[in-house]
Amino acid sequence: MTDPTLPQRRRFLVPLGLLASVVLLPLALSACTDNVPVSSAASARGPITVSSSDDGCDVSSSETASGNLTFSVKNDGGQVTEFYLLAEDGLRIVGEVENIGPGISRNLVVTAPAGKYITACKPGMVGDGIRGAFTVTDSGQSLDVDTDLAKLSTTATAQYTSYVKDQTEQLLASTKDFAEAFRTGNTPTARDLYATTRMHWERIEPVAESFGDLDPKLDLREADLEPGEDWTGWHRAEKDLFPPADYTPMTAPERARIADQLVTDTADLYTRTRTVEITTDKLGNGAKELLDEVATGKVTGEEEAWSHTDLWDFQANVDGARIAFENLKPILEQRNPELAAELENRFTVLQTKLTTYATGDGFTYYDQLTAAQIQELAALVDSLAEPLSGLTAAVVL
Amino acid sequence: MTNVTRRGLLSLAGAGGVGAAAGFVGHGAFSTTGAAAVTPSDTVAFYGDKQAGITTPAQDRLHIAAFDVLTEDRDELIGLLKDWTAAAAAMTQGLDAGTTGAVNGPYDAPPEDTGEAQGLSASNLTVTFGFGSTLFEKDGAARFGLAGRRPAALIDLPHFPGDDLQEQRSDGDLVIQACSDDPQVAVHAIRNLARIGFGKVRVRWSQLGFGRTSSTSRSQQTPRNLFGFKDGTSNVRAEDSTLLDQHVWVPTGGPAAEEWMAGGSYLVARRIRMHIETWDRTSLREQEAVVGRTKAEGAPMSGGTEFTEPDFAATGRANAPLIASDSHVRLAHPDQNKGVQMLRRGYNFTDGSDGLGHLDAGLFFIAFVTDARSHYVPMQRAMARHDTMSVDYLVHTGSGLYAVPPGIQEGGYVGESLFVS
């Protein structure tokens, strides 16, 4: 899978080789994400324990009442195992936990209405697994069941995939213009294009970073280098365009090399994103990661050390997170309408504040913000990021 | 004249009565471990072949400080090392610093000992000394007649990707690590040593650590770092004498000019800030994948229990490794680092907040190694670039490498082998 020699910053995307085996979204209802806090209803009943051994699948109860169910699965065998809750047809996956090493326990939390189900342990991860009948009786608790959720998921990921492709197209086109200006020594134009071009990158940063070899070529800061390492990409150009004191400007051939490499690597990114596939959980995590980027890199003014265009990146990261949220919102509104409303509100509050720093085509330079203004922005980012971290668990089916 | 026993009165009460007596005189509030801290023996020997505070079972608290030497006079430096040795020897035995201690000196003179440890036990205090490269040479010129004596292993650590080192938290001519089970005892030690040094040294940086993040003895449980994960599960322990000789102590038989370090070690200090707020927003799935161990038990993701050896070849669905290729446990493991190991002795810290509403918290990493060139630099280079935890959730804000001389014999002083030979 991932080449261990390559830097890898984020897990936004599963490597393409794995995509074929990523389990298809279930056709209906039910949360299937492991390790989620147990709801009060479920904890009142206590978890259903499952012991998965090499030749057995011992489920502590074959019947429970409808609602949030927690299966506490322990691998008591010697092989890696998986556990599934399947619909009555034995095909449709209601929930699953995978990659449970020997001796390890993991929780599966699902929302299940009354009906007949099948449990299955799959030691060795092969075959149909060791199956058993499982019944969910009607608890009287009303469940948010919407058979269109899977369709909404497909729509959400398709929309976001289009967004990624569109941003990459714009990034490539704009990068070519930037590179031309940079190469030919047209510094004013290059400076103008620097921040606006980078916004396309910053909007889809978790996707771009998931290509572990491209990210360091394109977006490494000087502090990220090892001694003697070749430095290419945006921030190499930034330093030459917004030079600090006692800086030796690049020669024309040096500029040409950086410009060419920037276009080549961005074209590579463009090509790779043509076939990108994004799942719902990656979409939710990506939104959270974009806010992490703001909280740790932009709010501190570290990202754009010379150009001080951090607010352009800040806006772009928020844009990307908001698009992901909006794509997922139809699902979230069914699963957790309170969270949807809260996030909507927090995005608006942050955006309203950010907009007060907009000037003409851009934003105030970061070194012109006061400490109090930065603190205020940081607090708004945290106010959004905290509830946003609940998005993935709420939308994963 | 002998040192003053700061617990003279209390010791009469016997071990069973000390906890109550300490509470009575009002020091109980300082001891976070309370009455439970009173154990039959909580004194660590100061003298020996090796300095204490390395293989000593990791105490709960840390106060470490680095100093720059102000004088250029060799004799004055040696005099300071002798004074420090005497004071450290006394304080580690639960005694006051100085001959008249906290309250037994002239009425018109400030007390020799600052006094805040009165009534407190030794709390397993250890004081460990180390020498930075700038003690040997600065700006290209040798100091203190130590030309040619700087060990080759006492390198200037290279810049690692992502480093955001602050000068006022890094390096220094001398370092003193004070560890104890009571924070006030560790602070007392550094405070009194700094005071003894006035005029000869100045404090360059200092750091408090409030909770150990590793075990250095099999008798200890594995503690947790501020990410909530067990830390130091596969640490080198005091009981692993062969591993210690191989990976921690400087062997004899090196270059003659470096023979003074035989039986010593190298202390790597890194102040590692954790982005704990973003970490806390990360799913348990991601946290466990990033670490490579389960959060509850500390078992490797390949299975088993905490002390099961990780199986890096184990794969799950779609043949993906169960212990991710960019996980911390994989990249830090000896298998990925030519078999090298470190004796880690780090501490959790929280230094207020950063002005942006985030805790300035993390792990003050301390490791003892036989040679940082083989036992720290290659691993850290790989971690800084490939370890998702390091790249996304950590930033190194302070750094230091110090030569820790061998142990001190009674009547001698720390670093004597460097200055007499």
Side-chain angles (χ1 to χ4, degrees), chain A residues 1-11 14-15 17-18 20-22 33-36 75 78 80 82 98-106 125 212 216 220-221 223-227 229 281 285 288-289 291-292 295-296 299-300 302 371 374-375 378-379 382 385-386 388-390 392-393, chain B residues 158-165 275 277-290 293-297 299-305 308 310-311 314-326 330-331 336 354-358 381-382 384-388 391-393 395:
Chain A
M1 55 158 283
T2 314
D3 182 347
T5 64
L6 297 176
Q8 170 149 355
R9 294 178 70 177
R10 291 288 191 180
R11 287 198 179 71
V14 282
L18 290 184
S21 60
V22 169
T33 177
D34 47 358
N35 299 324
V36 164
N75 183 354
V80 179
E82 301 173 333
E98 81 287 6
N99 292 345
I100 312 171
I104 287 181
S105 298
R106 199 161 290 162
M125 303 175 295
L220 225 50
R221 302 170 312 142
D224 297 326
L225 297 169
E226 291 174 30
E229 189 178 4
D281 59 324
N285 287 337
K288 177 255 178 199
E289 287 167 14
L291 265 290
D292 286 355
T296 59
V299 153
T300 55
E302 287 169 33
I374 290 172
Q375 284 165 8
D382 285 331
E386 191 61 37
L388 192 64
S389 67
T392 303
Chain B
H159 173 89
F160 296 104
D163 274 1
D164 186 17
L165 302 182
H275 293 304
E277 289 80 9
T278 52
W279 176 264
D280 292 344
R281 294 172 197 145
T282 304
S283 67
L284 184 57
R285 177 194 295 278
E286 174 80 356
Q287 290 186 10
E288 290 193 341
V290 161
R293 291 184 180 276
T294 62
K295 196 167 187 177
E297 160 76 20
M301 296 302 279
S302 52
T305 55
T308 306
D311 178 359
T315 55
R317 187 174 285 176
N319 288 322
L322 289 178
I323 302 175
S325 58
D326 59 344
R330 181 185 288 266
L331 289 163
Q336 301 290 316
D354 66 355
L356 295 173
H358 304 141
R381 187 171 282 146
R385 190 42 70 76
H386 303 303
D387 172 34
T388 294
V391 174
D392 283 347
Y393 300 102
V395 57

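The structure presented is a predicted model; accordingly, all values stated were derived computationally and were not measured. Within every chain, numbering begins at 1; the chains are lettered A, B, ... in the order of the sequence lines, protein sequences first and strands thereafter.
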Identify which part of B:T305 has an atom lying under 4.5 Å from any heavy atom of chain A, answering side chain, backbone, both or neither.
neither
Flag, side chain of B:R281 to backbone of A:E289, donor-acceptor distance under 3.5 Å
no
Taking every heavy-atom pair that is under 4.5 Å apart, which of A:L225, A:V80, A:L291 has the most such pairs with chain B?
A:L225
Quiz question: by atom type and distance under 3.5 Å, do the side chains of B:T278 and A:K288 form a donor-acceptor pair?
no
State whether B:E297 and A:R106 are salt-bridged, where the test is any N-O pair (Lys NZ or Arg NE/NH1/NH2 against Asp/Glu carboxylate O) under 4.0 Å.
no
List the atom of A:I104, the atom of B:P300, and the distance in Å for their closest heavy-atom pair.
CD1-O, 3.2 Å
Pairwise distance CG(A:D281) to CZ(B:R285) - rounded to 0.5 angstrom:
7.0 Å
From the list A:E229, A:E226, A:E82, A:M125, the residue making the most non-hydrogen contacts under 4.5 Å with chain B is A:E226
Could you look at B:L322 and say if it's the side chain, the backbone, both or neither that has a heavy atom under 4.5 Å from chain A?
side chain
Among B:S283, B:G357, B:S302, which residue has the highest count of heavy-atom pairs closer than 4.5 Å to chain A?
B:S302
Does any backbone or side-chain atom of B:T315 lie under 4.5 Å from a heavy atom of chain A? Answer side chain, backbone, both or neither.
backbone
Between A:G78, A:G103, A:S389, the one whose heavy-atom pairs under 4.5 Å with chain B are most numerous:
A:S389
Given A:T300, which partner from the list B:D354, B:L356, B:D164 fulfils the side chain to side chain contact (heavy atoms under 4.5 Å, CB included) test?
B:L356
Any idea which of A:P102, A:G101, A:A379 has the most non-hydrogen atom pairs under 4.5 angstrom with chain B?
A:P102
Roughly how far apart are A:D224 CG and B:R385 CZ, rounded to 0.5 Å?
7.0 Å
Which atom names give the shortest non-hydrogen contact between A:P227 and B:H159, and what distance separates them?
CD-O, 3.2 Å
To the nearest 0.5 Å, how far apart are OH in B:Y393 and OG1 in A:T296?
9.5 Å
Nearest-0.5 Å distance that lies between atom NE2 in B:H358 and atom CG in A:D382:
3.5 Å
